[in-house]
Each structure stands twice: as C-alpha cells, then as structure tokens.
J.: 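Handing you this structure, nothing more for now.
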Amino acid sequence: MSTSPRPRVLMCPPTHFSVDYDINPWMTGNRDQADRGRAQRQWENLHALVADAADVELIPHVPGLPDMVFTANAGLVYRDLAVPSRFRHAERAGEEPHFTQWFAGARFAVDLLDGIEFEGAGDALLDRAAPRLWFGYGHRSDARAAAALQERLGLEVVPLRLVDPRFYHLDTCLCPLSGGELLYFPAAFDETAQAAIAARVPEDKRIAVSEEDALAFACNAVNLDNVVILNRASAALRQALAAHGYRVRETPLDEFLKAGGSAKCLTLRLDEPGLN
C-alpha cells in the first residue's frame with residue numbers, strides 16, 4: 001500500500017537568537033531580555049514535535065541576524081517556486097541573501113519581487129482546501145505584492161489588511177488548516193478583510209479565537225495533517241480544534257514571543273501543493 005510522503009519543513013537553530021532591536025510591539029521592552037539557553041531548549045522541543053510528523057531541513061543561523069531563526073520569513077514556497085522575502089526593516093535585510101542561496105541550492109526556481117516589500121510566509125499563507133493564497137498587508141508587506149504573487153502563482157490571492165500592530169504578520173493571526181478550516185483572530189483585520197474571509201470560508205469552518213488565545217499566538221500554529229502545534233491554547237480552543245478532528249500539541253515558546261514569533265514563525269513548509 002502506498003503512503004503519502006511526509007511533509008518537509010525548514011527550520012533554523014537559534015544559535016544566535018536574541019532581541020537586539022525593536023521592530024514590532026512584542027520586542028518593545030524586551031531588548032537583551034532573551035534567555036538563549038531557554039530559547040534553545042524550547043526550539044528543540046518544537047523541533048521534536050515537528051519532526052514527529054515531518055522531515056525537517058536546517059539552515060545554519062548566521063551571526064548578527066538574530067531573527068533568522070524565524071524561517072517563515074525566508075520566503076513563500078509554492079510547488080517548485082520560491083519567492084524570497086524583501087524585508088521592510090534594514091535589521092532583517094541581511095537575511096535575504098542567505099535564504100535566497102538556500103532556496104537555489106535546494107533546487108527551487110527563485111523569483112524575486114524587486115522593489116516590493118514582501119515578508120514571505122509571514123504574510124502569504126496558502127489555503128489547504130482551495131487554490132487560494134491569503135495575503136496580509138498593512139504593517140510589513142506592500143499591498144502591491146498581491147498582484148505580483150497572483151501573476152506568478154496563478155492562484156486567487158486574497159488581500160487582507162491587518163489593523164492591529166500586535167499582529168503585524170498574517171501568520172500571527174490566521175492559520176489555514178488541512179481540513180479547510182481557518183483559525184483566526186477577526187479583530188486583527190479590517191471589515192473588508194473580515195468580509196472577504198466570510199465570503200470564502202463557511203461559518204462552520206471558521207474557528208475564531210479569543211483575544212487571550214490570540215495574544216498567546218495560538219494562530220501562529222504549525223499544522224501537519226491533523227496535528228496542530230502551538231505555544232498555548234485555552235480549553236475552549238482545544239475543544240474547538242478537537243471537534244474538527246485536530247490533535248493539539250502545546251509547547252512553550254515564550255522566549256520567542258519576546259521577539260514577536262512562535263511556532264509557525266519558526267518553520268517554513270517546503271512541500272506546498274504540487275511538490276510531491
């Protein structure tokens with residue numbers, strides 16, 4: 001009997017992780033406050049959970065680039081195409097050549113969005129049940145990236161304006177799930193974006209989280225088949241996910257929350273539709 005190939009995920013060990021600057025509200029007040037040893041242990045626990053369900057590939061952490069550990073921001077992967085990030089902030093721009101080189105070495109076709117700020121799978125999330133890309137803008141990625149991505153991918157790209165600076169990337173407040181459900185925090189979006197989501201995802205497939213869960217980065221989750229890996233979830237959210245057939249795996253990632261990231265930020269899916 002044939003079996004489906006295991007998912008593939010890119011991660012970066014937090015060898016040089018720290019909070020050295022302030023480019024999002026989570027970093028404010030946390031400069032030099034990260035415990036690198038504790039972050040390493042938390043990352044290893046996440047790595048173990050991801051490796052239970054996926055093949056994990058690693059990119060070395062380059063000194064002087066503390067946020068490189070957040071591989072979701074390496075770029076967007078679709079089939080054999082990689083669209084590397086173009087970071088808004090100079091503090092992260094140094095990551096770009098390292099991720100671009102990794103994609104090329106991994107035999108992805110690399111297509112850059114020249115002159116357009118775009119922060120990869122932090123703001124571009126593929127739907128799991130429809131040929132659709134959810135695209136967040138308003139804080140980091142340029143709205144113009146939506147048309148550029150639609151041209152390159154040949155998919156419907158749904159622009160969603162983010163309005164709460166605490167949820168500065170789409171993956172901090174929205175997570176498409178394998179069964180077609182959408183885990184999200186509605187208040188992070190403007191009314192037009194909320195209407196766009198409601199028009200495309202049936203109500204019984206929309207799992208709206210509380211502000212408490214949103215601030216624990218419950219939407220910044222890694223979904224591998226029926227497993228949802230996240231920092232922390234309330235009992236109500238665990239029950240809601242279980243009702244849809246998902247198994248929740250919680251693993252503390254508070255050291256990374258000091259920099260504004262959690263489980264999803266620390267991973268990049270490499271086998272999006274068509275890469276089998």
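Heads up: numbering here begins at 1 and tracks the sequence. Keep in mind that what you see is a predicted model, and the values were worked out from it rather than measured.
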J.: Say whether, by atom type as modelled, one donor and one acceptor occur between the side chain of Arg152 and the main chain of Asp111 under 3.5 angstrom.
T.: no
J.: Would the distance check show the side chain of Trp43 and the main-chain N or O of Thr15 forming a donor-acceptor pair, the cut-off being under 3.5 Å?
T.: no
J.: Donor-acceptor pair, distance only, cut-off 3.5 Å: does the side chain of Asp55 make one with the backbone of Arg8?
T.: no
J.: Assess the side chains of Asp190 and Thr192: does a donor N or O sit below 3.5 Å from an acceptor N or O?
T.: no
J.: So, taking the atom named NZ in Lys264 and the one named CG in Leu125, what distance separates them when rounded to the nearest 0.5 Å?
T.: 5.0 Å
J.: Given side chains that start at C-beta, do those of Phe118 and Leu149 come closer than 4.5 Å, heavy atoms only?
T.: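 Of all side-chain heavy-atom pairs linking Leu149 with Phe118, at least one is under 4.5 Å.
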J.: Could you give the distance from CZ (Arg92) to CZ (Phe70), rounded to the nearest 0.5 Å?
T.: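 One gets 7.5 Å once the value is rounded to the nearest 0.5 Å.
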J.: I'd like to know if the side chain of Tyr246 pairs up with that of Asn223 as donor and acceptor (distance under 3.5 Å, no hydrogens or angles considered).
T.: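 Asn223 and Tyr246 do not have a side-chain donor-acceptor pair below 3.5 Å.
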J.: Indicate if Leu65 and Leu10 have the same hydrophobic cluster label, given that clusters are the connected sets of ILVMFWY residues with side-chain heavy-atom separations under 4.5 angstrom.
T.: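 Linked within one cluster.
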J.: Give me the atom names and distance for the closest heavy-atom approach of Gly260 to Phe217.
T.: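 Taking every non-hydrogen atom into account, O-CE2, 3.4 Å.
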J.: Let me check something: do Phe99 and Phe108 share a hydrophobic cluster, defined by ILVMFWY side-chain heavy atoms less than 4.5 Å apart, either directly or through other members?
T.: yes
J.: What are the two closest heavy atoms between His244 and Ile207, and how far apart are they?
T.: CD2-CD1, 3.6 Å
J.: Is there a donor-acceptor pair closer than 3.5 Å between any side-chain N or O of Arg206 and the backbone N or O of Val201?
T.: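 Looks like yes, one N/O pair under 3.5 Å.
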J.: Verify side-chain contact (heavy atoms from CB on, under 4.5 Å) between Ser178 and Asp225, making sure each step is shown before the conclusion.
T.: CA-CA 6 Å; Ser178 59; Asp225 298 321; 5.5 Å; no
J.: Counting only heavy atoms not in Arg232, do more than 12 sit closer than 6.0 Å to its CZ atom?
T.: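 No, CZ of Arg232 has 12 or fewer neighbouring heavy atoms, counting only those of other groups under 6.0 Å.
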J.: I'd like to know whether Leu177 forms a side-chain contact (heavy atoms from CB on, under 4.5 Å) with Leu241, so could you lay out the CA-CA distance, the side-chain angles of the two residues, the decisive distance to 0.1 Å, and finally the verdict.
T.: CA-CA 10 Å; Leu177 300 176; Leu241 287 166; 3.9 Å; yes
J.: Do the side chains of Cys265 and Phe256 get nearer than 4.5 Å, heavy atoms only?
T.: no
J.: Less than 4.0 Å between a side-chain N and a carboxylate O, is that true for Arg88 and Glu119?
T.: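 The answer is no: the pair does not qualify as a salt bridge.
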J.: Transitively linked via ILVMFWY side-chain contacts under 4.5 Å: Leu183 with Val222?
T.: no
J.: Ion pair present between Asp254 and Arg38, side-chain N to carboxylate O less than 4.0 angstrom?
T.: yes
J.: Under 4.5 Å between any side-chain heavy atoms of Tyr184 and Gln194, yes or no?
T.: no
J.: With heavy-atom distances below 4.5 Å as the criterion, would you say the side chains of Val110 and Val83 are in contact?
T.: no
J.: Can you tell me how far the CG atom of Leu133 sits from the OH atom of Tyr78, to the nearest 0.5 Å?
T.: 9.5 Å
J.: Can you tell me how far CZ of Arg249 sits from CG of Leu49, rounded to the nearest 0.5 angstrom?
T.: 8.0 Å
J.: Do the ring planes of His61 and His16 sit parallel (below 30°), tilted (30 to 60°) or perpendicular (above 60°)?
T.: perpendicular
J.: Would you say the side chains of Asn73 and Ser85 form a donor-acceptor pair under 3.5 Å?
T.: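 Ser85 and Asn73 do not have a side-chain donor-acceptor pair below 3.5 Å.
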J.: Which word best sums up how the rings of Tyr137 and Phe135 line up, parallel for under 30°, tilted for 30 to 60°, or perpendicular for over 60°?
T.: parallel
J.: Apply salt bridge (Lys or Arg N to Asp or Glu O under 4.0 Å) to Asp35 and list each qualifying residue two or more places apart in sequence or on a separate chain.
T.: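 Checked Asp35 against salt bridge (Lys or Arg N to Asp or Glu O under 4.0 Å); zero matches.
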J.: Please determine, by modelled atom types, if Asp22 and Thr28 share a side-chain donor-acceptor pair under 3.5 angstrom.
T.: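 Yes - a donor-acceptor pair under 3.5 Å links their side chains.
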J.: With a 6.0 Å cut-off on ring centres, are Phe189 and Trp134 close enough?
T.: no
J.: Are Val248 and Val209 connected into the same hydrophobic cluster when the rule is that any two of I, L, V, M, F, W, Y join if their side-chain heavy atoms are below 4.5 Å apart?
T.: yes
J.: Using side-chain contact (heavy atoms from CB on, under 4.5 Å), reason through Ile229 and Thr267 one step at a time and then give a plain yes or no.
T.: CA-CA 11 Å; Ile229 305 167; Thr267 63; over 6 Å; no
J.: Quick one, Asn220 and Leu230 - any side-chain contact, counting heavy atoms below 4.5 Å?
T.: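 Of all side-chain heavy-atom pairs linking Leu230 with Asn220, none is under 4.5 Å.
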J.: Tell me whether Leu113 is reachable from Leu153 by hopping between hydrophobic residues (I, L, V, M, F, W, Y) whose side-chain heavy atoms are closer than 4.5 Å.
T.: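 Yes, one cluster joins them.
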J.: Can we call the ring centroids of His98 and Trp102 under 6.0 Å apart?
T.: no
J.: Got a second to check how far Leu237's CG is from Cys219's SG, nearest 0.5 Å?
T.: 7.5 Å
J.: Give me the atom names and distance for the closest heavy-atom approach of Val163 to Ala187.
T.: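 Where Val163 meets Ala187 most closely, the heavy atoms are CG2-O, 3.9 Å.
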J.: Within a strict 4.5 Å, meaning less than it, do heavy atoms of the Phe167 and Leu174 side chains meet?
T.: no
J.: Minimum heavy-atom separation for Leu215 and Leu257, please, with both atom names.
T.: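 Where Leu215 meets Leu257 most closely, the heavy atoms are O-CD2, 4.1 Å.
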J.: Using only atom types and a distance under 3.5 Å, with no angle test, would you say the side chain of Asp213 pairs donor to acceptor with the backbone of Ser234?
T.: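 Flag set: sc Asp213 to bb Ser234 pair under 3.5 Å.
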J.: Mark yes when over 12 heavy atoms from residues, nucleotides or ligands other than Gln33 sit less than 6.0 Å from its CD; otherwise mark no.
T.: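 Above 12, so yes.
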J.: Is any NZ, NE, NH1 or NH2 atom of the basic residue among Arg132 and Asp127 found under 4.0 Å from an Asp or Glu carboxylate oxygen of the other?
T.: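 Looking at Asp127 together with Arg132, the answer is yes, because their closest N to O distance falls below 4.0 Å.
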J.: Please confirm whether the backbone N or O of Asp20 pairs with a side-chain atom of Arg31, one donor and one acceptor, at under 3.5 Å?
T.: yes
J.: Looking only at heavy atoms, what is the nearest atom pair of Val50 and Leu224, with distance?
T.: O-CD1, 3.9 Å
J.: Taking side chain as C-beta onward, heavy atoms only, is Thr71 less than 4.5 Å from Val9?
T.: no
J.: Would you say the side-chain atoms of Gln42 pair up with the backbone N or O of Glu255, donor to acceptor, closer than 3.5 Å?
T.: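 Answer holds: yes.
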J.: Would you mind checking if Glu272 and Arg269 are paired as a salt bridge, meaning a charged N to carboxylate O distance below 4.0 Å?
T.: no
J.: Any side-chain heavy atom of Asp164 sitting closer than 4.5 Å to one from Glu211?
T.: no
J.: With rounding to the nearest 0.5 Å, note down the distance linking CD1 in Ile23 to CD in Glu91.
T.: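 Atom-to-atom, Ile23:CD1 and Glu91:CD are 5.5 Å apart.
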J.: Does Arg86 pair with Glu96 as a salt bridge, N-O distance under 4.0 Å?
T.: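 Salt bridge between Arg86 and Glu96, a charged N being under 4.0 Å from a carboxylate O: yes.
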J.: For residues Pro13 and Val69, report the shortest heavy-atom separation together with the two atoms involved.
T.: C-CG2, 4.3 Å
J.: Looking at Gln40, Arg41, His47, which one forms a side chain to side chain donor-acceptor pair (under 3.5 Å) with Glu44?
T.: Gln40
